[in-house]
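One structure is given here, and the rest of the page talks about it.
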Amino acid sequence: MRKNHRLLAAAGSMLAAGAIALSGIVAAAAAPHTAQARTSGIERFQLMSTDPTGAKTTVIARGVFTAGGVDITTSNTTDTFKFPNGTIRIRHSPGTGPQSFNPRTCLTTVHQHGTYTLLGGTGKYAGISGHGTFRLDVLAVGARSHGKCTQNKPPVALEQIVRASGPVHL
């Protein structure tokens with residue numbers, strides 16, 4: 001009888017230990033993931049426009065994530081990149097570098113550089129942060145009025161490219 005009692009006690013202990021272990025596994029599997037791993041790396045943004053009115057500028061992001069969308073200018077130093085899965089707000093410096101206008105040929109050239117900071121995002125880009133540098137290159141052919149070049153009208157042709165890159169955390 002004593003032997004059976006010991007065997008039952010040992011079996012009961014083993015069953016209890018197994019139940020506790022099993023309940024821990026089930027609880028861990030059912031627990032929601034509260035911490036999501038952040039991804040870091042270099043992100044590159046390229047913006048391009050041929051619209052003299054500046055109404056539409058496309059943007060392509062590649063690096064930590066890849067997306068295509070549009071740039072919405074919200075002020076002289078802030079923009080919002082609108083992608084299918086969310087937005088990213090950006091603050092950038094005004095840019096420095098040479099620019100010129102030839103009054104004989106109506107050609108405008110701009111070569112500027114500066115810095116930017118990612119201010120945050122929505123959707124897939126919620127919690128994004130980062131910073132970097134940009135380079136702006138513009139070629140434009142100005143309009144003519146009464147046979148003379150004028151900067152009071154939109155250019156007749158424009159090519160604007162912005163290339164930006166820097167570390168990002170998402």
Side-chain angles (χ1 to χ4, degrees), residues 31-170:
H33 267 290
T34 54
Q36 184 176 1
R38 287 177 54 105
T39 304
S40 298
I42 300 298
E43 189 68 23
R44 291 172 176 78
F45 300 98
Q46 182 165 306
L47 294 82
M48 187 173 142
S49 178
T50 58
D51 182 355
T53 65
K56 186 171 182 183
T57 300
T58 59
V59 58
I60 294 176
R62 60 189 173 92
V64 173
F65 62 93
T66 300
V70 295
D71 173 41
I72 301 164
T73 301
T74 52
S75 79
N76 285 341
T77 58
T78 59
D79 290 74
T80 299
F81 294 163
K82 184 177 179 184
F83 298 117
N85 295 322
T87 63
I88 300 172
R89 287 191 48 232
I90 296 157
R91 179 184 311 125
H92 56 85
S93 65
T96 59
Q99 50 187 327
S100 65
F101 175 71
N102 184 324
R104 189 175 59 61
T105 64
C106 303
L107 182 66
T108 297
T109 60
V110 178
H111 303 290
Q112 295 186 337
H113 60 277
T115 60
Y116 70 90
T117 302
L118 303 179
L119 301 176
T122 65
K124 181 179 176 181
Y125 312 105
I128 195 169
S129 64
H131 60 89
T133 60
F134 72 85
R135 179 163 181 85
L136 164 70
D137 292 300
V138 178
L139 279 178
V141 177
R144 290 186 180 269
S145 178
H146 305 292
K148 292 186 178 183
C149 298
T150 179
Q151 292 182 304
N152 296 329
K153 293 183 178 183
V156 296
L158 171 87
E159 293 178 355
Q160 174 179 298
I161 298 174
V162 178
R163 291 180 178 95
S165 67
V168 69
H169 307 284
L170 180 61

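- Screening residues 54-76 for salt bridge (charged side-chain N to carboxylate O under 4.0 Å, His left out), with sequence neighbours left out, gives no hits.
- For residues 37-91, there are no disulfide (SG to SG under 2.5 Å) pairs, not counting sequence neighbours.
- For residues 39-67, the pairs satisfying ring pair (Phe, Tyr, Trp, His ring centres under 6.0 Å) are F45-F81, F65-Y125, with sequence neighbours left out.
- Rounded to the nearest 0.5 angstrom, L139 CG and H111 NE2 are separated by 6.5 Å.
- Listed by first and then second residue, the salt bridge (charged side-chain N to carboxylate O under 4.0 Å, His left out) pairs involving residues 121-140 are R135-D137 (not counting sequence neighbours).
- Every residue meeting the side-chain contact (heavy atoms from CB on, under 4.5 Å) condition with T77, not counting sequence neighbours, appears here in chain and number order: S75.
- Across all their heavy atoms, G95 and F134 have their closest contact at CA-CZ, 4.0 Å.
- With hydrogens and angles disregarded, a donor-acceptor distance shorter than 3.5 Å links the side chain of H113 to the backbone of T96.
- Of all the heavy atoms in A61 and F83, the pair that sits closest is CB-CZ, 4.0 Å.
- A 6.0 Å sphere centred on CD1 of I60 holds no more than 12 heavy atoms belonging to other residues, nucleotides or ligands.
- Residue pairs meeting the disulfide (SG to SG under 2.5 Å) criterion with at least one member in residues 59-92: none, sequence neighbours excluded.
- For residues 75-93, no pair satisfies salt bridge (charged side-chain N to carboxylate O under 4.0 Å, His left out), with sequence neighbours left out.
- Residues V168 and I128 have side chains in contact (heavy-atom distance under 4.5 Å, counting atoms from C-beta outward).
- The line from CD1 of I88 to OG of S129 is 11.0 Å long, rounded to the nearest 0.5 Å.
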What side-chain donor-acceptor pairs closer than 3.5 Å can you find for residues 145-164, not counting sequence neighbours?
{"from": "T150", "atom 1": "OG1", "to": "N152", "atom 2": "N", "distance (Å)": "3.1"}

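- With sequence neighbours excluded, no residue forms a side-chain hydrogen bond (donor to acceptor under 3.5 Å, both in side chains) with T115.
- When all heavy atoms of Q112 and P94 are compared, the closest pair comes out as OE1-O, 3.9 Å.
- By the side-chain hydrogen bond (donor to acceptor under 3.5 Å, both in side chains) test, T87 is found to be paired with T122, residues two or more places apart in sequence or in another chain being considered.
- Scored by the side-chain hydrogen bond (donor to acceptor under 3.5 Å, both in side chains) test, T58 finds no partners at all (sequence neighbours excluded).
- Separating the NE2 atom in H92 from the CG atom in N76 is a distance of 8.0 Å, to the nearest 0.5 Å.
- In this structure, the side-chain hydrogen bond (donor to acceptor under 3.5 Å, both in side chains) partners of S40, at least two apart in sequence or on a different chain, are H169.
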